[in-house]
Amino acid sequence: MPHPFPPPRHDLADGHDFVKYEALGNDYLVIAPAAGQVAPTPDNIRLICDRHYGPGADGVLYGPLPEEHGFGLRTFNSDGTECEKSGNGLRIFGRYLRDHGWTGEGEFTVRTLAGPVTVQLVDPDPGPDAASAGSDHPGDGAPVRVSMGRASLDSELIGATGPRREMLRETLPAAAREWTATCVFLGNPHCVLPLDGTEVTEELARRLGPELAGHARFPGRINVQLMEVRAADRIRIEAYERGAGYTLASGSSACAAAVAAHTLGLTGPEVTVEMPGGRLDVGISDGGEVTLTGPVRPVVAGRWAPAFRRRLAS
């Protein structure tokens, strides 16, 4: 039977319908089902994430949901689709659970569509002015670390067409050119393109990303990363997510790119991943288990305006 959750700490939540956090510019709204009273339908998710007609976000974290062990979470992209898991989303959700009194532990389990994930608050009580590695902004608080699971290059897990194979140095035709990609599965699928640094640009990510994300070889669509290797312990990426489009930072993308670089022999197992929004640290064990560490910042907590709530209910 699901265990009862402790009640929300109203000194922090104060009846808010949603709380917004960002992780290096990758922003999510956390909606607790009991508080927000909003069904996570595709139409509602799209409206909530709309930056002109709603609060705006890259996605919605819907939870905590009752689980026998840990906390249940559903993750939605801004286009209304549900995804298996999000690295930054998980880190944000972990910070939310601690901030709003759902747990007093520094390490706990979050259950996603892709399975259970261990979340660790590196320093659960850093103080309001503590700064985190990976960000140039003050007041970020302590880093949050998540165990992303074991990486795989198995085409069957990635959801690629053709015979089952390891998707290492795969050739993909797109945009009147052939690209060499290494594809990685980490609960969701990723297509990593090692490129010369001059090609790793926002412009190319926005132009090439949609073509590769919807490539015929990936019927279920795929996330795309353009990657420059800068040193044995440092890479830089631009990311295009299949359900959110171009993004300033993506935890899952950072992990996939680090795995691809390490598998190709271009880096070691400990890698700092640079993105337009900032830096994340990725670790890869000998068995292929991946951890992701970086800062999370609260942004705002709010309530739905009555007219907006009616639109969500309609």
For S250 and E241, work out which heavy atoms get closest and say how close. OG-OE2, 2.9 Å
Enumerate the salt bridge (Lys or Arg N to Asp or Glu O under 4.0 Å) contacts for residues 70-81, please, sequence neighbours excluded, ordered by first and then second residue. R74-E82
V192 reachable from L172 in the ILVMFWY side-chain graph, under 4.5 Å edges: no
Do the ring centers of F108 and W102 come within less than 6.0 Å of each other? no
Linked, directly or transitively: Y53 and L29 (ILVMFWY side chains, under 4.5 Å): yes
4.5 Å side-chain heavy-atom contact, F185 and S155: no
R165/E170 ion pair, N-O < 4.0 Å: yes
Presence of salt bridge, D58 and R51, under 4.0 angstrom: yes
One thing to verify: whether R242 and E84 come together as a salt bridge, which I'm taking to mean a side-chain N less than 4.0 angstrom from a carboxylate O. yes
Between D281 and T293, does any side-chain donor sit less than 3.5 Å from a side-chain acceptor? no
Minimal non-hydrogen separation, A181 against L193, with atom names: CB-CD1, 3.8 Å
Between E105 and R98, is there a side-chain N and carboxylate O pair less than 4.0 Å apart? no
Are P295 and L24 packed together at the side-chain level, in the sense that at least one heavy-atom pair is separated by less than 4.5 angstrom? yes
Heavy-atom pair with the smallest gap, counting every atom of L65 and P33: CD2-CG, 3.6 Å
Search all heavy atoms of L208 against all heavy atoms of A174 and return the closest pair with its distance. CD1-CB, 4.1 Å
Per the side-chain contact (heavy atoms from CB on, under 4.5 Å) rule, which among T201, L212, V200, I237 passes with L226? V200
Pairwise side-chain contact, Y240 with P210, heavy-atom cut-off 4.5 Å (strictly under): yes
Looking just at side-chain N and O atoms, do Y28 and E22 make a donor-acceptor pair shorter than 3.5 Å? no
Does CZ belonging to R236 count more than 12 external heavy atoms closer than 6.0 Å? yes
Short side-chain donor-acceptor distance under 3.5 Å, D196 and T198: yes
For T171 and E178, does a side-chain donor sit closer than 3.5 Å to a side-chain acceptor? no
Output yes when D43 and R311 qualify as a salt bridge under the 4.0 Å nitrogen-oxygen rule, no when they do not. no
Heavy atoms only: give me the nearest A244-N77 pair and the separation to one decimal. N-CB, 4.5 Å
Check this for me, if you would: do R206 and E211 make a salt bridge, where the nitrogen-to-carboxylate-oxygen distance has to be below 4.0 angstrom? no
